[in-house]
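First up is the structure itself, then whatever we jot down about it.
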Amino acid sequence: MFAAEEHAITTKLSAFCAENGLPDPGKIVFLPIPFAGHWGLSTSFFQLAAQNARLVKERTGQPTNVQQHAQEIAEKAAAYLGTPPSFARVEAVRGYLNLYFEPNEFARRVVATVIEAGDSFGSGAPKGQRVMVEFSQPNTHKAFHVGHLRGTIFGDALCRILEFAGYDVVRANYPGDIGLHVIKWLWNYMTRHAGERPMKDITQWMGDVYAEANRRLEENPDLEAEVRALYARWDQRDPEVVALWEETRQWSLDGFEDMYRALGIHFDRYYFNSTAEHPGKQVVNELIEKGIAIDERPTGGAVIVKIDELLGLKKDKYRVMVALRSDNTALYATEDLALAIQKFNDYPDLVKSLYIVDVRQSLHFQQVFKTLEIAGYSIAAKCIHIPYEIVNLPGNVVMSSREGTVVLLELLIGEATARAMEVVREKNPNLDAAQMQSVATAIGLGALKFPMLAREISKVVTFDWETALDFNGQAAPYIQYAHVRCCSILRKAQAEGLAISREPSAFDFPLHPTEIQLIDLISRVPGDVQRAAEEYKTLHITNLAFELASAFTTFYDACPVVKAEANIRAARLQLVAAAKQAMANTLALLGITAPEVM
RNA sequence: GCCCCAAUAGCUCAGGGGAUAGAGCGUUGGCCUCCGGAGCCAAAGACGGCAGUUCGAGUCUGCCUUGGGGCGCCA
């Protein structure tokens with residue numbers, strides 16, 4: 001947001017270094033001054049001092065105290081710079097150079113920028129780079145549970161962030177519509193549930209039939225022969241099996257669509273597991289021809305790739321990838337080899353192909369990408385697996401659709417919304433029924449999504465109802481409430497005939513520290529969006545959204561708006577509008593609705 | 001056995017090699033006749049261990065401990 005200032009200062013500092021016989025500092029990193037109530041840019045000279053110290057030691061053999069030297073450089077630099085335009089003062093402290101903004105001018109500028117940009121405030125210029133994000137990957141013929149929710153919600157938020165940051169994003173889904181689990185389901189359906197079709201809660205029922213199949217096979221392992229026989233019929237495209245598969249698969253897909261709609265998530269492109277089977281086998285043949293894969297089928301084995309051996313590694317790292325079963329049926333690896341290539345055929349200009357998939361598949365993706373690399377596919381370098389940790393139940397119980405120990409998503413959304421509804425009814429009984437419903441949905445979904453996005457993706461989330469439905473503290477409802485208060489002030493002002501000026505306000509009064517803090521945070525939105533996009537971390541946005549809400553609430557408590565003197569009121573009304581916009585935009589990046597009332 | 005991930009306050013989590021390690025929950029104590037108290041202010045309270053790299057390590061590297069995950073025909 002202060003790129004022009006940073007650039008000007010960088011230029012002057014480079015000149016300063018050249019004139020003083022110091023090494024060129026290169027790209028100078030500016031960070032906010034990390035003390036509450038202080039607003040400006042900060043940089044340090046430790047690296048420069050250390051670099052110079054090494055040069056001096058090479059030349060003269062004399063050691064230099066880096067801390068002292070950094071402070072000397074900072075002092076000289078401060079003197080050299082003087083006080084640049086738009087800055088209030090410059091100071092050198094303990095090796096740091098702190099440049100304090102002239103707060104009134106920057107306040108005016110930040111607030112005017114936000115109001116001008118509106119919904120696009122914080123977005124980056126188009127980069128002309130396309131990124132594919134594959135996420136969600138639900139299995140048909142199984143339940144959709146909270147375990148899947150994390151990857152789905154994270155993937156959606158990441159797409160929103162990447163898009164806002166300036167990338168062209170392809171949202172891809174890859175349903176597991178074939179495989180052993182589907183065959184087991186079909187087997188159980190044919191032998192126990194033929195002709196059945198529930199009218200509601202289809203996804204849940206599909207999951208029940210699958211869990212039952214596993215129970216039956218566990219109780220009577222002899223039945224596995226029937227399942228294997230059915231798999232063989234599928235592989236030969238037996239019309240009866242194919243027809244049943246097509247019909248029941250659609251039931252699941254319809255159920256998923258309902259759930260995505262409820263969550264506010266959409267996809268641009270569907271790849272299906274089943275359509276990757278055949279191309280996958282072709283890739284495997286190619287690997288055999290190239291001498292990368294070893295065909296052990298003649299001796300009853302599978303087709304394997306001994307990756308560590310091919311790389312000449314001493315220790316087991318990539319191990320052995322099974323590329324094709326001994327009976328010629330496809331595995332996930334078979335299909336993922338083909339799919340990785342297919343994505344670049346469909347979108348040749350992809351700069352990155354991201355996979356948002358559960359951490360337990362890390363080795364699988366390393367094997368697939370490494371095998372493609374060995375086979376000479378340069379796209380392999382652009383394929384990145386972003387592993388997310390699983391969601392556990394309290395007591396470290398893993399959710400498993402095979403065992404049926406899952407919290408179903410429909411149930412969870414329903415419960416979250418119902419709980420939100422209860423609170424809304426209590427806090428704001430004057431809302432009409434439709435408003436209440438939409439507010440409860442916004443709050444319930446926000447409460448659900450926020451904890452999944454606010455955590456490092458590599459950390460396990462333990463799901464419990466109490467935390468997920470806790471509307472207090474560091475959670476989405478707190479931010480939504482701050483947004484509602486902004487709306488409330490603006491409504492009140494309007495009711496009193498105090499329209500917000502479209503001209504930028506002067507902010508020509510002493511700013512309150514809470515006011516400066518709020519404006520400071522608002523100004524960080526564009527930079528944090530870029531950072532979140534570069535690092536694939538939704539966490540940066542949840543942190544910022546919460547800090548914005550916290551800063552606004554503190555400001556709200558300390559500074560009257562509507563009742564302030566006319567010139568202050570005009571400026572603060574604009575500030576409230578800007579804060580509201582900043583919160584709405586960051587929440588939008590998280591896939592969370594910012595209500596006007598609640 | 002090998003590989004990957006994690007460890008920060010009583011609990012749940014932040015922390016961009018750099019200044020004074022921050023929140024929320026919980027606990028204790030306060031708060032405005034004022035724009036919505038789902039709030040605000042304050043107190044107490046923390047970097048698993050040992051080395052190393054570095055001018056400087058919660059952050060990087062190695063080893064150890066503890067917990068989780070993965071490892072030829074599951075997905």
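Chain letters run A, B, ... following the sequence lines, proteins first, then strands; residues in each count from 1.
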Subject >> From CG (Leu573(A)) to CD (Gln494(A)), nearest 0.5 Å >> reply: 10.5 Å

Original post:
Can Asp177(A) and Ser274(A) be counted as having a side-chain donor-acceptor contact under 3.5 angstrom?
Top reply: yes

Subject >> Any-strand Watson-Crick or G-U partner of G36(B), both distances under 3.5 Å >> reply: none

Subject >> Asp327(A) with Arg325(A): basic N within carboxylate O range, under 4.0 Å >> reply: no

**OP:** Name the pairing partner of A6(B), where a pair is Watson-Crick or G-U wobble with both distances under 3.5 Å, or state none.
**Re:** U66(B)

**OP:** Name the pairing partner of U28(B), where a pair is Watson-Crick or G-U wobble with both distances under 3.5 Å, or state none.
**Re:** A42(B)

**OP:** Please determine, for G52(B), whether a Watson-Crick or G-U wobble partner exists with both distances under 3.5 Å, and give it or none.
**Re:** C60(B)

Subject >> Straight-line distance of Asn273(A) CG to Asn139(A) CG, nearest 0.5 Å >> reply: 8.0 Å

Subject >> Value in whole Å for how far the P atom of A19(B) lies from CG of Leu99(A) >> reply: 18 Å

Subject >> Under-4.0 Å side-chain N/O to phosphate OP1/OP2 contact, Arg94(A) with U20(B) >> reply: yes

Original post:
Would Glu72(A) and Gln68(A) count as having a side-chain donor-acceptor pair, cut-off 3.5 Å?
Top reply: no

Subject >> Strand contacts (RNA chain B) in residues 319-326 of chain A, 4.0 angstrom heavy-atom criterion >> reply: Arg319(A), Val320(A), Val322(A), Arg325(A), Ser326(A)

**OP:** Can you check each nucleotide of nucleotides 9-16 of chain B against protein heavy atoms at under 4.0 Å and return B for base, S for sugar-phosphate only, - for none, in 5' to 3' order?
**Re:** ---SSSSB

Original post:
Does Asn98(A) make a side-chain donor-acceptor contact with the base of A19(B), cut-off 3.5 Å?
Top reply: yes

**OP:** Could you check whether Phe35(A) gets within reach of a base, just the sugar-phosphate, or nothing at all, counting any heavy atom under 4.0 Å?
**Re:** base

Original post:
Hey, do the aromatic rings of Phe154(A) and Phe135(A) have their centres closer than 6.0 Å?
Top reply: no

Original post:
Reading nucleotides 38-49 of chain B from the 5' end, what letters show protein touch, with B for base, S for backbone sugar-phosphate only, - for no heavy atom under 4.0 Å?
Top reply: BSSS--------

**OP:** Look at all strands and tell whether Ala53(A) reaches a base, only sugar-phosphate, or nothing, counting heavy atoms closer than 4.0 Å.
**Re:** nothing

